[in-house]
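All ligand and atom numbering here is 1-based and tracks the order in the structure. Heavy atoms only: backbone and side chains are in, while hydrogens, waters and symmetry mates are out.
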Amino acid sequence: MNSPHTGHWREHFAGVDLPVPVFGGGTVTGINFDNAASTPPLKRVRDAVTGFSEVYSSVHRGTGYKSRLATEAYEQARELMAHFLGVDDRSQVVIFVKGTTDALNRIAAEQARLDGRQVLVTEMEHHADLLPWRHRSGHVMVGLSDDGHIDLDAIEHALKNGEGKIGLVAVCGASNVTGFVSPIHEVAELAHRHGALVSVDAAQLAPHHRIDIRPANDPGHLDFVSLSGHKMYAPYGAGVLVAPRTFFAGAPEVMGGGAISIVTWDDTVWADLPDREEAGSPNVIGAVALGVAIETLLELGFDEMLRHEVALGTDLHSRLSAIPGVGVLGGGDAPAAPRLGLASFVVDGIHHGLVAAALSHEWGIAVRNGCFCANPYVFHLLHMNKQAVEAVEGEVTSGHRKALPGAVRASLAPYNTSEELDRFVDAVTHIARGGMRSTYEQAADGTFSPAGGWPRIPSALKTLVKTRK
Ligand SMILES: Cc1ncc(COP(=O)(O)O)c(C=O)c1O
C-alpha cells in the first residue's frame, strides 16, 4: 500500500505533469498548488466528455434516441449529486447551475423577493457569499475569533438580537483563505433555533471534505448547499444548488423555455421542480462531467484521498510556518479543528505578488496571491484596523494598486505529492532569504512580472489544434 503522502492518484488527473518554462532556460515539471481556484479534470471526466459528445443532444423534449440518452445521463448526474451530498429528494431539490456564484445569487434573489428578511454572514465569506446578500436583502456581519475561526457565540448573539429579522444564515463550508472548516451543522442548529434557514457555500468544502446534508427533521440539517464543478475535477461549466423544495414560490428568478407547463396568451403555469428553476437549455455536458467526477472520486477512494490531502496539508502548514520570516494566516500549528490542505502566507518585507511571480518564474510553481475575493477576512487576518483599510480603499479608488495588502496561497489536491511539497518549501525558503535570482517589475495594476517579460507562451489555440492533428 502507498504511504498517505505519495499522492498515488496522480495518474488519474489530466495535465499535472506539464513541462513549464523557467528562468535560465529549459523547463521543469510544473507544480500546481492553485487548486482552490480551479482543479484539473480527472482523465476519466475528460474522456467521458469526449465520449458523451458523440451522443450529446438536447435534453427533456426530444424524442430522438440521442436526446433520450442525453436526458438519462443528465438526470443520472442529478441523482449522483443527490446521493453524494445526502439530499433527501422529498424535501430538497438539486438544481444545475453555472457554479457557486450563480447558485448564491439565485438564493439571494429569491430570498429578497420572498422573505425579505436580512441575511447573517460571517467576516470569513468569499465575496460570492457576501455581495449577493449585501445588495439584495441586506446583511448582518458577525466577527470571528482573533485567529480567524467561526465564532458560534457571536452567531448566536446576532441571531438572538435579530430575532425575527434574520431569515437566513450564510456561511462558507471551508475558507478559501485559511482552509478552516466551518462547524456547519452547529451553525445550522443555531439558525433553525432562531427561525432562520442556513446556506452553505461549499465551493471549497465539497472537493476536500465529506458533506452530509442530513434529513430535514435533523436540527443540524443544511437547507442550501452550493458548489462548483471546476473546483472538483470537472471544469466544464456546471455547478449545483441544493435547496428546499418549498423555497421556490411564484415566478422563478430566471424565466424561459423548459420552466413552464403551459403558456397561454396571458397566463403562465410553471413546471414542477427542478425544471422550473432550469429555464433555457442547460449545460448537459457540464452536468454529466460533474456526475462522472463524483462517481470517479468515489470509485478511486474519496475518503483515502482526503486523508492524504489532510496529511500533506498539515505538513504544509507546519513546514511553512517554520521558515524564518514566513507567517501563515490563521497560524501553522496542528489544527484543533479540521482544516483543508490550503495555506495562505506572507513573507516579511516581500510583496505577495513578487513571491508568487518568483515561485512561477524560477521554480515552476503555480500559486495565487492577493486577497482571494475575501477582502474583509484577509484584512482581519492581517490585523488591519478600520483606518488602515480606509487608507487602502482611498488608494485603490484613486487608481493606486501597488501596495494592496494580501498574501500568497498554496492549495493542494489529491494528486499533489510530498516531493512537490519539498520543492515548494525549498523555494519559499530561498525567497524568504532574499535568494531570488531574477529581477522583477511591478505594473500599475500591482502585478509583478520578470524584467524583460515572461517566457513567451505559444498561442494556446494553435497548440490545441496542433495536438489534435
Ligand atoms: C469559498 C468560495 N466561495 C465561492 C467561490 C466562487 O466560486 P465560482 O467562482 O466557481 O462561482 C469560490 C471561488 O473561489 C470560493 O473559494
Side-chain angles (χ1 to χ4, degrees), residues 32-41 81 95-109 119 121-135 139 141 144 148-150 168-184 187 198-209 211 222 224-242 254 283 286-287 289-290 293 309 313 329-330 338-344 366-378 380-381 406-413:
N32 184 24
F33 276 6
D34 195 14
N35 293 288
S38 264
T39 49
M81 285 312 306
I95 297 162
F96 283 115
V97 291
K98 285 190 280 186
T100 308
T101 304
D102 187 23
L104 294 168
N105 274 276
R106 298 275 206 106
I107 310 171
V119 175
V121 297
T122 81
E123 209 179 355
M124 188 188 263
E125 305 311 316
H126 187 281
H127 298 163
D129 200 30
L130 174 61
L131 303 182
W133 319 117
R134 175 177 293 180
H135 295 282
H139 66 61
M141 188 188 280
L144 306 164
H149 285 278
I150 295 270
L168 186 79
V169 177
V171 66
C172 64
S175 160
N176 67 319
V177 179
T178 52
F180 290 156
V181 175
S182 309
I184 48 178
V187 174
V198 71
S199 160
V200 175
D201 163 1
Q204 297 298 337
L205 189 70
H208 305 291
H209 201 274
I211 297 179
L222 310 177
F224 299 90
V225 171
S226 309
L227 59 86
S228 301
H230 74 99
K231 293 189 195 290
M232 44 195 324
Y233 320 110
Y236 297 92
V240 156
L241 163 62
V242 177
V254 181
N283 176 2
L290 188 46
E309 276 188 31
L329 302 192
R339 190 171 187 178
L340 305 185
L342 179 159
S344 296
V367 291
R368 186 145 294 225
N369 72 284
C371 286
F372 320 113
C373 302
N375 287 2
Y377 191 32
V378 172
H380 172 103
L381 292 162
V408 185
R409 180 182 71 192
S411 53
L412 310 178

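A side chain to side chain contact (heavy atoms under 4.5 Å, CB included) with R409 is found for exactly one of L342, T178, L329, V177, namely L342. Residue L222 is tested with V242, V171, I211 for a side chain to side chain contact (heavy atoms under 4.5 Å, CB included); the sole match is I211.
Applying the side chain to side chain donor-acceptor pair (under 3.5 Å) definition to pairs two or more places apart or across chains, those involving residues 228-241 are S38-H230, T100-S228.
Summary of contacts: the protein heavy atom closest to atom 15 (C) of ligand 1 is H126 CD2, 3.2 Å. Nearest protein neighbour of atom 6 (C) of ligand 1, counting heavy atoms only, is T101 OG1, 3.5 Å. Protein heavy atom nearest atom 16 (O) of ligand 1, with residue, atom name and distance: Q204 NE2, 2.7 Å.
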* Run the side-chain contact (heavy atoms from CB on, under 4.5 Å) check on R134 and M141 step by step: do they pass? -> CA-CA 10 Å; R134 175 177 293 180; M141 188 188 280; 4.1 Å; yes
* Asked: Should V121 and D129 be marked as a side-chain contact (heavy atoms from CB on, under 4.5 Å) after you check the CA-CA gap, both sets of side-chain angles, and the distance that decides it?
  -> CA-CA 8 Å; V121 297; D129 200 30; 5.7 Å; no
* Report the C-alpha distance between F224 and V198 in whole Å, list the side-chain angles of each, state the deciding distance to 0.1 Å, and finish with yes or no for side-chain contact (heavy atoms from CB on, under 4.5 Å). => CA-CA 6 Å; F224 299 90; V198 71; over 6 Å; no
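Close contacts between ligand 1 and N176 involve ligand atoms 16 (O) [criterion: under 4.0 Å to a heavy atom]. Of all the atoms in ligand 1, the ones that sit under 4.0 Å from a non-hydrogen atom of S228 are 7 (O), 8 (P), 10 (O), 11 (O). Shown in contact with A203 at under 4.0 Å from a heavy atom are these atoms of ligand 1, numbered in order with element: 2 (C), 3 (N), 4 (C), 5 (C), 12 (C), 15 (C).
At a heavy-atom cutoff of 4.0 Å, ligand 1 is contacted by no atom of C172, backbone or side chain.
Remark: distances from the non-hydrogen atoms of K231 to ligand 1 include one below 4.0 Å. Assignment of D201 to the shell around ligand 1 is supported, since a heavy atom sits closer than 4.0 Å.
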Could you pull out every donor-acceptor pair under 3.5 Å between side chains of residues 199-206 and any protein atom, sequence neighbours left out?
from : atom 1 : to   : atom 2 : distance (Å)
D201 : OD1    : A203 : N      : 3.0
Q204 : NE2    : A36  : O      : 3.0

